[in-house]
Amino acid sequence: HQITYWSSVPSVVQLLNQLKKLNDDNFQRIRYSIFCGEALTRETAKRWILAAPNSTIDNLYGPTEATVAMTGYIWNEKDTDEVVPIGHTF
């Protein structure tokens with residue numbers, strides 16, 4: 001079985017890249033990716049979309065004490081901010 005949904009902190013992407021496990025197109029079946037827990041940089045989002053080119057990247061934010069997200073932002077490759085915005089409240 002191959003995964004189609006990804007949820008992690010952005011540093012997992014950075015770790016996979018450091019370990020040379022984040023190759024272009026190696027997560028083609030992932031359709032939806034959620035990142036939360038720390039700032040998602042533009043560079044990390046760009047690196048992830050190369051590995052998971054068919055995925056939507058959703059950057060979520062919520063207080064650590066809660067199990068819910070309070071805001072969300074769908075990343076677009078045309079975004080120029082160095083850190084992906086946390087978006088607007090739902």
Side-chain angles (χ1 to χ4, degrees):
H1 302 294
Q2 294 191 7
I3 61 172
T4 58
Y5 176 88
W6 180 275
S7 178
S8 74
V9 293
S11 57
V12 171
V13 174
Q14 295 163 0
L15 178 63
L16 288 171
N17 195 41
Q18 289 172 355
L19 295 173
K20 309 285 188 230
K21 301 289 183 185
L22 196 63
N23 302 313
D24 290 359
D25 298 323
N26 68 333
F27 294 116
Q28 288 188 27
R29 294 196 183 244
I30 294 178
R31 300 286 181 251
Y32 194 75
S33 302
I34 291 177
F35 293 100
C36 59
E38 59 194 31
L40 174 62
T41 65
R42 182 174 187 266
E43 278 305 308
T44 299
K46 284 173 56 178
R47 186 66 202 103
W48 181 252
I49 209 66
L50 290 173
N54 300 310
S55 181
T56 296
I57 296 177
D58 197 351
N59 189 37
L60 299 183
Y61 170 80
T64 304
E65 299 79 18
T67 58
V68 297
M70 303 301 290
T71 67
Y73 181 84
I74 303 295
W75 182 75
N76 183 311
E77 288 185 73
K78 296 176 185 171
D79 291 343
T80 58
D81 294 330
E82 288 303 311
V83 176
V84 177
I86 60 173
H88 304 284
T89 57
F90 296 120

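None of the values given here were measured: they were computed from a predicted structure.
- Atoms CG and CD1, on Leu40 and Ile34 in that order, are 12.0 Å from each other to the nearest 0.5 Å.
- The main-chain N or O of Gln28 is found under 3.5 Å from a side-chain atom of Arg31 such that the two form a donor-acceptor pair.
- Among residue pairs with one or both ends in residues 72-84, none qualify as salt bridge (charged side-chain N to carboxylate O under 4.0 Å, His left out); sequence neighbours excluded.
- In the hydrophobic clustering of ILVMFWY residues, with side-chain heavy atoms under 4.5 Å counting as a link, Phe35 and Ile3 come out together.
- Evaluated for a side chain to side chain contact (heavy atoms under 4.5 Å, CB included) with Trp75, the options Ile57, Asn59, Asp58, Thr56 yield exactly one hit, Ile57.
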List the atom pairs, with distances to 0.1 Å, where a side-chain N or O of residues 13-21 and a protein N or O form a donor-acceptor pair under 3.5 Å, not counting sequence neighbours.
unit_1: Gln14; atom_1: NE2; unit_2: Thr44; atom_2: OG1; d: 3.0
unit_1: Asn17; atom_1: OD1; unit_2: Arg47; atom_2: NE; d: 3.3

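- Side-chain contact, Trp48 with Ser33: a donor N or O sits under 3.5 Å from an acceptor N or O.
- Put simply, Val9 and Tyr73 are part of the same group of oily side chains (I, L, V, M, F, W, Y) that touch within less than 4.5 Å, one to the next.
- Heavy atoms only, all atoms of each residue included: Val84 and Ala45 are closest at CG2-CB, 4.2 Å.
- In the hydrophobic cluster analysis, where Ile, Leu, Val, Met, Phe, Trp and Tyr join through side-chain heavy atoms closer than 4.5 angstrom, Leu60 is grouped apart from Val83.
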